[in-house]
Number of protein chains: 2
Amino acid sequence: MLNDPMVLTPISDAPQAEPEKRVRDRGATEKAILNAAKALLAEEGFQNFGINAVARKTGCDKQLIYRYYGGLNGLVDAIGADLGTWVKDRIPEDTGGMFLLTYGDLMERLSLLFLQALRDDPLMRRIVAWEVSENTEQVRRLSEARSKALANWLERMRGSLTPPKGVDAVAVNAILIAAIQHIVLSASAGGQCAGLALKTPKDWEKAETALKRIVRGVYG
Amino acid sequence: MLNDPMVLTPISDAPQAEPEKRVRDRGATEKAILNAAKALLAEEGFQNFGINAVARKTGCDKQLIYRYYGGLNGLVDAIGADLGTWVKDRIPEDTGGMFLLTYGDLMERLSLLFLQALRDDPLMRRIVAWEVSENTEQVRRLSEARSKALANWLERMRGSLTPPKGVDAVAVNAILIAAIQHIVLSASAGGQCAGLALKTPKDWEKAETALKRIVRGVYG
DNA sequence: TTTATTTGTCACTCATCGGTGAGTAACAAC
DNA sequence: GTTGTTACTCACCGATGAGTGACAAATAAA
C-alpha cells in the first residue's frame, strides 16, 4: 500500500518529451553500456572515465554496469575484446595499388597507414595516451589487446619480405611506431610536437615526408 | 575557554616520532611546497596531483598553497619556471670528448643524450605524459616551458653545423624527439614498446643501436 | 492466476575532492 | 607588558567519486 505508484502517475501527465519505450532487453542494454563507454573514453579521455560517467552517458543506472560487467574492470576488458578487431576495421589490407617489392616499400606504406589510422581514431588515441600515463591492471589488459592486434597486423602484412641484413627490425620498428604514436598524440593534445606545427594538412604532409625519409633511411 | 587546546595535549603525550621543529619561515615553507609538488608529480603522476595531495605531502595546510601560490595553477607555474633549468642541469653540454664534424654526428649524440636524460628524470617523464594526455591551461604552460628549454638546448648545441640539403630538419627532429619520448614513456609505464622489451640494459642497448641507425639513416 | 526470475531504479553510505572563512600561535614594534 | 602583523591550522561546505542493499516492474514459469 505504501508508495503505491498509481498515486504518483498524475504528477507526470504533462506531455512527456521522451516516452522512450525502453524495452527490457539485457543484450541491448549491455551493448548500450559498452558503446557509451567507448564513446566516453574517446571523447573525454581516461581522466573522467568512471562508473558514474558511463552510467550517465548510457542513461541507465550504474548498478547495471556492476551486474553485467562486474564493474569498471570488466567493462574495460570488454572494450579490450573489441579492440582485436580494430586493425581489421581501421587499416586497409590492400597495398593501395602499389607493388611492395622491398621491406622499405612495405614499412613506408605501413607507417603511413598506421599514422592515418591513428589520426582517425580518437578511441585508440586515448588508449595509447592511457598506456603511457599509468600502469594499472585495467590499462595493462587494454594495452595487451592492442599490442597483440598490432603485431598480428604487422606480421600479416609483412608477407615474405624480410628486413635488410644486420638491421634489428623489431627495435627499429618499435621506434618508428613510438614516433608515430607520439606525434599523433602530441598533435591531438596540443597541435604541435617539438616545435613542429601539426594542424593543417600541409603540416601533416611535412611530417609524412619526414617519416618516409626516416623509414627509407634505415630500410632503403 | 571552549576548545582550550591544553586539554587535548595529554592525548598526544606518546613519544612523538617527529617533533619536527617547524620554524615559522615562509620562504622555507614555499620551497617545501614546491619540492613536495615536484616529488609528488614525479612519483604519482598527474592522476592524483591536487591541492589536497600536495598539502598532505608537504605536511602543511592546503590553505598555504592558496596563499603562497594562488592555488594549483600558480604552483604548476612555479614548477614550470624551474623547468627552464632542467636541460642545463640534466644534459651535459660537452660532447663527451667526441668531435662532432657533421650534423649526423651531432644528432646521434643529442638523441642519445636526450634519451638518457629523460630516462633519468621521472618528473620530466610525467610531464611529457601529461602533455599528451590532456590539454588544460596548466599543462599548456608546463609544456611551453619544457619545449622552449629543449629548443634552446638544441639550438645551442647545433653550433654552426647545418643539416644536409633537402632534409626538413625541424620535421625530422620532431619525429626523432617524439620517438625518444614515447619509447621512454612506454618503457616506464609497461617495460616495453610495440613488442620490444625495455627493461634490462641489454634491451636499451638494442634500442639505442636502432636509434643511432635511424639517425644515421636520415642524416648520414 | 500465482509465483519466480530477470531487468531496471532508487536511496543510501563512505570517502575524497577543491575551496573558504574563521580562528590560533609566533614574532616584531612599541 | 600590549598591539598588530605574519605564518599557520582547523572545521566546515557543496560536489562528486565508487560501491551496495532494497525495492518496483516486466516477463517467464508454474
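These figures come from a predicted structure and were not determined experimentally. By convention in this document, chain letters (A, B, ...) are assigned in the order of the sequence lines, proteins followed by strands, and residues within each chain are numbered from 1.
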Exercise. Would you say the side chain of Arg67(B) and the base of dA7(D) hold a donor-acceptor pair, judged only by whether the two atoms sit under 3.5 Å apart?
Worked result: no

For this session: Can you sort out the partners of Lys206(B) under side chain to side chain donor-acceptor pair (under 3.5 Å), two or more places apart, ordered by chain and number?
Result: none

For this session: Could you list the residues that satisfy side-chain contact (heavy atoms from CB on, under 4.5 Å) with Thr136(A), not counting sequence neighbours?
Result: Glu134(A), Gln138(A), Val139(A)

For this session: Provide, to the nearest angstrom, the distance between the CG atom belonging to Leu64(A) and the P atom belonging to dT20(D).
Result: 15 Å

For this session: Find out whether Leu176(A) and Leu110(A) are in side-chain contact, i.e. whether some heavy atom of one side chain is under 4.5 Å from a heavy atom of the other.
Result: no

For this session: Take the protein atom CD of Gln63(A) and the nucleotide atom P of dT6(C), then report the distance between them rounded to whole Å.
Result: 15 Å

For this session: Assign each of Arg56(A) and Tyr68(B) to its nearest nucleotide of DNA chain D by heavy atoms, then name whichever residue's nucleotide is nearer the 5' end.
Result: Tyr68(B)

Exercise. Nearest-Å distance, CG (Leu72(A)) to C1' (dT20(D))?
Worked result: 16 Å

Seminar exercise, completed: salt bridge (charged side-chain N to carboxylate O under 4.0 Å, His left out) test vs Asp82(B) passes for just one of Arg90(B), Arg146(B), Lys38(B), namely Lys38(B)

Exercise. Rounded to the nearest Å, what distance is computed from the CG atom of residue Asp25(B) to the P atom of nucleotide dC8(D)?
Worked result: 7 Å

Problem set entry | Distance in angstrom units between Arg26(A) CZ and dT5(C) P, rounded | 16 Å

Problem set entry | Test applied, side chain to side chain contact (heavy atoms under 4.5 Å, CB included); reference residue, Lys57(A); option that passes from Asn52(A), Asn35(A), Leu40(A) | Leu40(A)

For this session: For residues Phe46(B) and Gln47(A), determine if any side-chain heavy atom of one lies less than 4.5 Å from a side-chain heavy atom of the other.
Result: yes

Exercise. Do the ring planes of Trp130(B) and Phe49(B) sit parallel (below 30°), tilted (30 to 60°) or perpendicular (above 60°)?
Worked result: perpendicular

Problem set entry | Protein-nucleotide distance (Tyr66(A), atom OH; dT9(C), atom P), rounded to Å | 16 Å

Problem set entry | Any Thr29(A) side-chain N or O less than 4.0 Å from OP1/OP2 of dT7(C) | no

For this session: Measure the distance from CZ on Arg24(A) to P on dT5(C) and round it to the nearest whole Å.
Result: 16 Å

Problem set entry | For atom OH of Tyr69(B) and atom P of dC8(D), their distance in whole Å | 12 Å

Problem set entry | Stretch residues 47-55 of chain B: residues that reach within less than 4.0 Å of DNA chain D through a heavy atom | none

